[in-house]
There are 2 protein chains.
Amino acid sequence: MVTLAEVARHAGVSASTVSYVLSGKRPISEPTRRRVRASIEQLGYQPHAGARALASSRSRIIALMVPLRTDMYVPVMLEIAVAVATTARARGYDVLLLTGEEGPSALRRVTGSGLAEAVILMDVQLDDGRLPVLRGAAPPAVLVGLPADPAGLNCVDLDFAAAGALCVEHLAGLGHREIAVVGGSPGVYARHTGFAERTLGGLRDRAARLGVGLLHRPCDGSHDAVAGVLARILDERPAVSAFVVQNETAVEPLLSLLRRTGRAVPEDVSVVAVCPEAVAERASVPLTAVAIPAQELGRRAVERLFARLTDPDGPAATGVELLAPVLTARESSGPPPVRRRTD
Amino acid sequence: MVTLAEVARHAGVSASTVSYVLSGKRPISEPTRRRVRASIEQLGYQPHAGARALASSRSRIIALMVPLRTDMYVPVMLEIAVAVATTARARGYDVLLLTGEEGPSALRRVTGSGLAEAVILMDVQLDDGRLPVLRGAAPPAVLVGLPADPAGLNCVDLDFAAAGALCVEHLAGLGHREIAVVGGSPGVYARHTGFAERTLGGLRDRAARLGVGLLHRPCDGSHDAVAGVLARILDERPAVSAFVVQNETAVEPLLSLLRRTGRAVPEDVSVVAVCPEAVAERASVPLTAVAIPAQELGRRAVERLFARLTDPDGPAATGVELLAPVLTARESSGPPPVRRRTD
DNA sequence: CCGCTCCGTCGAAGCGCTTCGATCTTTCGC
DNA sequence: GCGAAAGATCGAAGCGCTTCGACGGAGCGG
């Protein structure tokens, strides 16, 4: 392994000079800098990460905690994770992968040992067990998701309440008066995962305000479950003319079942989803949907983290950032069938 | 931050003693050990990762390189990644997340700087650009996937060729004489991703040996693409009575389309998939399928890596490990319709 | 032409940990 | 009962890097 000292010797300068060339923290004359750079190149020098972390007490690593549950839409998770890694790399940081399984202690471990300078948490519950560790100044952290009490925390998320409202608005605007919500899997609600409840809240508020009927049913993504939920909904509220789907894996089963039971989309029923754009575009009927901006979430999380790292008391050091939802109308939504209106 | 020295002072021993208590590399008397442990507990001591890495030249970190492409089945990737992280943690190692984007240089960077002791690569292509870096002794590495020339490399993968053969065997055993393969997306073949080509090889070999007709068509997962491919297949080979699907996202569209065109599964056509068990179980028709053992792959990869780390010239230090495929018969496969036979 | 201020560079002191002798007891075999 | 081996602990020397204070020399104002 090539060390700083060897580079220094090779370039005929002192070790500290090489260090300053690398860090730019003190002025170095152009010729010297060139010479040092050349030596680094020739010897294939790579600074030792541990030594660096020790001397500077900055590891240039951030930890990312991903859930290991699989009842959420997994591709979104991976996309966020990849966006985090990519953004962090662009800033010279690496990303340590932590699984949710380890819980709060993992956060203490990686920050307490100086392994990671900061953490990003995904899949935050409304009342998350990892939050106590993060309150106060503890380790710098950004949550992707919104807990019940975000005071003193730094959060980024899609504004799911607004997303829910947007769906209802869109459908009500088209003339629908009875809307059914095919929700996330029951486990998501049982765990009080923030996004599911917030979407529901937004849906309900707006529905109430607009005088639109709203029926919500949790639903996991298997075909049979969707079939059961659909049957119940149609049984309880025959007048339902539109569906809002928040469970991405339920999208295709739902479309397929509607088709099979002779309901055309969007002529007979409208379907609106909250899902990644890719899913909406490739569905058997291109879906009118509020996009889940996975990449953007990952990127923003990292950017907030760096803002905090750079200026611990700066404006972005804490607080909640909710991304405004965007609804893209595609082919799955339209006015309700005429007979309904004239009934 | 609490240091080793402070713990030592608190416990009334020397620093080295504390270190030996922690590492167990030299015998320490029971009373002393207890005292030290108590001090560690009381002070909340956590060894500094960087200092450790520097002094011992072992970072206790392995790097995991995930693809950032999304034309493969993403949940499998995440599942492997999580399995890697979990298994590594059980051995006291952490996992650094690298994206494929960075390419070979990232491998050099993280191993050359001592950040990671070893690497695991996912989504290996038949002729992968990252392989040259890994040949020889370079950084210890395990590939999940199988390149064209695995000489000198350490690989784990599902035996996709055998998986393909197994599918054909199963269908031929039921009496099918014409089989169509709905393959991965065209990009997968264009990139020469190993698993796709190997599956196809296995399918073809076995089909040829058993005298069964085989038609292969790449297909990306969108509904429209599946519809197009299905139409072509039925047009070109009307006698096809069974499908093998390797593209998980194409599964539901295919089932839905078969249904719509009045073909009952499995009465009229059989469908066999190569996909994760979860997908097979939750499909609208539970699928006869060869499971992709994502967790097992992740686990085995880490275990092989540790074997290599522990004993660099041991038996497991190199070579290929192919997991035997397992086909589980569910409800999507059965004998071909009788009229076909008597035609 | 003198004292001052920068600029560019160096030397040395750590950062917190591991590890290698070395030292001092014990314990044990014969 | 004595030497040798094993057990328990310590001190010190790094690991490779960052960073602070210092220092010689050049450039400048007066």
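Chain letters run A, B, ... following the sequence lines, proteins first and then strands; every chain starts at 1.
Just one residue in the list Leu131(B), Leu134(B), Val320(B) forms a side-chain contact (heavy atoms from CB on, under 4.5 Å) with Pro147(B), and that residue is Leu131(B).
Proximity of Lys25(A) to the phosphate of dT18(D): no side-chain N or O atom is located under 4.0 Å from OP1 or OP2. Between Ser29(A) and dG8(C) there is no side-chain N or O to OP1 or OP2 distance below 4.0 Å. Contact check, Arg52(A) against dG16(D): no side-chain N or O comes under 4.0 Å of OP1 or OP2. Contact annotation: Ser19(B) reaches the phosphate of dT18(C) (side-chain N/O to OP1 or OP2, under 4.0 Å). At least one side-chain nitrogen or oxygen of Ser14(B) sits closer than 4.0 Å to the OP1 or OP2 atom of dC10(D).
A donor-acceptor contact shorter than 3.5 Å is absent between the side chain of Arg33(A) and the backbone of Val21(A). Checking side-chain atoms of Ser59(B) against main-chain N and O of Ala53(B) turns up no donor-acceptor pair under 3.5 Å.
Using a cut-off of 4.0 Å between Lys/Arg side-chain N and Asp/Glu carboxylate O, Glu102(A) and Arg109(A) are scored as salt-bridged. Between Arg299(B) and Glu296(B), at least one side-chain nitrogen of the basic residue sits less than 4.0 Å from a carboxylate oxygen of the acidic one, meeting the salt-bridge criterion.
Here Thr3(B) lies in heavy-atom contact (under 4.0 Å) with sugar-phosphate atoms only. Nucleic acid contact for Thr32(B): sugar-phosphate only, since backbone atoms but no base atoms lie under 4.0 Å from a heavy atom of the residue.
The side chain of Tyr45(A) lies closest to dC17(D), out of dC17(D), dG16(C), dT9(D). Side-chain proximity of His48(A) to the nucleotides dC10(C), dG16(D), dG11(D) is greatest for dG16(D). Checking dT9(C), dT18(D), dG8(C) against the side-chain heavy atoms of Pro27(A) singles out dG8(C) as nearest.
Between the CG atom of Leu54(A) and the P atom of dT18(C) there is a distance of 12 Å, rounded to whole Å. Residue Leu4(B) contributes atom CG, which lies 15 Å from atom C1' of dC15(D) at whole-angstrom precision. Taking atom CG of Leu115(A) as the reference point, atom P of dG16(C) lies 16 Å away to the nearest angstrom. Here dG16(D) presents its C1' atom at 7 Å from CE of Met1(A), a figure rounded to the nearest Å. The distance between atom CD1 of Ile40(B) and atom P of dC17(C), rounded to the nearest whole Å, is 10 Å. Between the C1' atom of dG16(C) and the CZ atom of Arg58(A) lies a distance of 19 Å, rounded to the nearest Å. The interatomic distance linking Glu6(A) (CD) with dC15(D) (P) rounds to 11 Å, in whole Å. Computed from coordinates, the Arg33(A) CZ to dG8(C) P distance equals 8 Å when rounded to whole Å.
For the pair Ala55(A) and Glu30(B), both in contact range of DNA chain D, the more 5′-proximal nearest nucleotide belongs to Glu30(B).
Using a 3.5 Å distance cut-off with no hydrogens or angles, the side chains of Ser16(B) and Ser19(B) do not pair a donor with an acceptor.
In the interface, the side chain of Tyr20(B) is paired with the base of dC20(C) through a donor and an acceptor atom under 3.5 Å apart. Between the side chain of Arg26(A) and the base of dG21(D), a donor-acceptor pair under 3.5 Å is found. A donor and an acceptor atom sit less than 3.5 Å apart, one in the side chain of Ser16(B) and one in the base of dG11(D).
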